[in-house]
Amino acid sequence: KMAACMVADIDDRLSDDDMRDLARYTVGLSRADTPGKAIDQLLAFDNPRAVAAIGRAAFGCVTGFDR
């Protein structure tokens with residue numbers, strides 16, 4: 001449910017190039033074996049638009065304040 005909520009919001013906010021960057025990033029994220037390593041992966045991700053979109057989508061989906 002959370003993923004479906006986030007995908008719709010992220011897709012609306014990012015360009016095709018940003019989405020490709022995000023897809024490449026998720027491969028590395030899926031290999032993170034601890035939450036700390038996952039956070040490190042996010043902090044190392046060099047696409048501020050995508051990072052901001054992920055944060056906004058997560059916040060909106062968790063709180064219900066989406067859009």
Connected via hydrophobic side-chain network under 4.5 Å: Ile10 and Val62: yes
For Val27, the rest of its hydrophobic cluster, which grows through side-chain links under 4.5 angstrom: none
So how far is it from Asn47 CG to Arg20 CZ, rounded to the nearest 0.5 Å? 11.5 Å
Return the CG to OG distance between Asp21 and Ser15, rounded to the nearest 0.5 Å. 8.0 Å
Tabulate below the donor-acceptor pairs under 3.5 Å that side-chain atoms of residues 49-58 make, not counting sequence neighbours, or state none.
unit_1	atom_1	unit_2	atom_2	d
Arg49	NE	Asp18	OD1	3.3
Arg49	NE	Asp18	OD2	3.1
Arg49	NH2	Asp18	OD1	3.0

Please tabulate, for side-chain N and O atoms in residues 35-46, each donor-acceptor pair with protein atoms closer than 3.5 Å (sequence neighbours left out).
unit_1	atom_1	unit_2	atom_2	d
Lys37	NZ	Asp33	OD1	3.2

